[in-house]
Amino acid sequence: MQKLNIQKQKMNKNKIFTRTCIVTALFSLLKTKKFEEISISEIVKKAGVSRMGFYRNYESKENIIEQYILENFIDTVTALESNGHLHFDTQSMIKTTLIHFQKHAEEIKLLLDKKLNALLYFCYEKCFYYLYNTTHPSRIRLYSTRMFIGEIYNLEMAWIETGMKETPEQLAKMYSRILKLRAKDN
């Protein structure tokens, strides 16, 4: 039994290493080429993995980005849950989200520079529904969820576009003030 667990851990480490190499290769290629010009062959060559290794981990180039965003969302949600901020404290939730986003801002900026905004937004939406398993929400939950996804996405994109001059704490406070002003208007 212990031998099986060691083999499984080694396989997981190999899978993580392969996935990391593929993600790194794609982002490296994006620095010099358009997304649609990059082939799977180029990615596997740059990553130093086999084509079979690629398809064991990903379905397509788009899937690399989807999984990259999903893994980042999972890290963020895990941090939010461990801090108890997931459902109650909007300012702390936004601050934690922005701190995690900041770690990957260079890659996100590269996706935006390559005009992959629609793919990026699709990934946000897909990840949110995956994480919260809201496949059949009520109408109000659907509208509320879509609004929240759009707000988070647009807040982060505006932050990148303005050079990320505010700290996550400052931007979270600003967002909280905006919400309070909105509530007063209603």
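Just so you know, these numbers use all the heavy atoms, side chains as well, and skip hydrogens, waters and symmetry mates. Small disclaimer: the values here were computed from a predicted structure and weren't measured.
In this structure, the side chains of L111 and L30 come closer than 4.5 Å at one or more pairs of heavy atoms. A 4.5 Å side-chain heavy-atom check between I108 and L120 finds at least one atom pair inside the cut-off. No side-chain heavy atom of K180 sits less than 4.5 Å from a side-chain heavy atom of R177. Counting heavy atoms from C-beta on, the side chains of L155 and I94 come closer than 4.5 Å. Within the 4.5 Å cutoff, the side chain of P168 has heavy atoms near those of the W159 side chain.
Residues meeting the salt bridge (Lys or Arg N to Asp or Glu O under 4.0 Å) test with R146, sequence neighbours left out: E125. Every salt bridge (Lys or Arg N to Asp or Glu O under 4.0 Å) that K109 has, sequence neighbours left out, goes to D113. Not counting sequence neighbours, E59 has no partner by the salt bridge (Lys or Arg N to Asp or Glu O under 4.0 Å) test. Taking the salt bridge (Lys or Arg N to Asp or Glu O under 4.0 Å) definition, one finds that E156 meets it with nothing, sequence neighbours left out.
With respect to K126 and E62, no salt bridge is recorded, no charged nitrogen being found less than 4.0 Å from a carboxylate O.
Hydrophobic cluster membership is shared by F148 and L179, with clusters built from Ile, Leu, Val, Met, Phe, Trp and Tyr side chains linked at under 4.5 angstrom. I99 and Y68 are assigned to two separate hydrophobic clusters, defined by single-linkage of ILVMFWY side chains at heavy-atom distances under 4.5 Å. If you chain together hydrophobic residues whose side chains sit under 4.5 Å apart, I149 and L112 fall into the same group.
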Item to check | Worked verdict on F35 versus L26 for side chain to side chain contact (heavy atoms under 4.5 Å, CB included) | outcome: CA-CA 9 Å; F35 182 73; L26 174 62; 4.3 Å; yes
Checklist entry - Step by step, would you call E169 with L98 a side chain to side chain contact (heavy atoms under 4.5 Å, CB included)? => result CA-CA 8 Å; E169 293 82 5; L98 292 170; over 6 Å; no
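The stretch residues 91-102 participates, sequence neighbours left out, in no salt bridge (charged side-chain N to carboxylate O under 4.0 Å, His left out) pair at all.
With K61 contributing its side chain and I38 its backbone, the two residues share a donor-acceptor pair below 3.5 Å. Remark: the backbone N or O of T20 is paired with a side-chain donor or acceptor of T24 at under 3.5 angstrom.
Between V44 and S50, the shortest heavy-atom contact is CG1-O, 3.8 Å. In terms of heavy-atom proximity, K33 sits nearest to K114 at O-NZ, 3.2 Å.
One finds the CD1 atom of I160 at 3.5 Å from the CZ atom of F101 (value rounded to the nearest 0.5 Å). With values rounded to the nearest 0.5 angstrom, Q67 atom CD is found 5.0 Å from R19 atom CZ. Here the straight-line distance linking atom OG1 of T145 with atom CD1 of I140 works out to 10.5 Å at 0.5 Å rounding. Atom-to-atom distance recorded for I16:CD1 and C21:SG is 12.0 Å, nearest 0.5 angstrom. T167 OG1 to K173 NZ: the interatomic distance, rounded to the nearest 0.5 Å, is 8.0 Å. For the atom pair CD1 of I43 and NZ of K46, the computed distance is 11.5 Å after rounding to the nearest 0.5 Å.
Paired with Y175 under the rule side-chain contact (heavy atoms from CB on, under 4.5 Å), one option of E151, Q91, M93 passes, and it is E151.
Atom CD of E106 has 12 or fewer neighbouring heavy atoms from other residues, nucleotides or ligands inside a 6.0 Å radius.
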Identify each donor-acceptor pair in which a side-chain atom of residues 51-58 lies under 3.5 Å from a protein atom, sequence neighbours left out, and give them as a table.
residue : atom : partner : partner atom : Å
R51     : NH1  : S41     : OG           : 3.0
N57     : ND2  : G53     : O            : 2.7

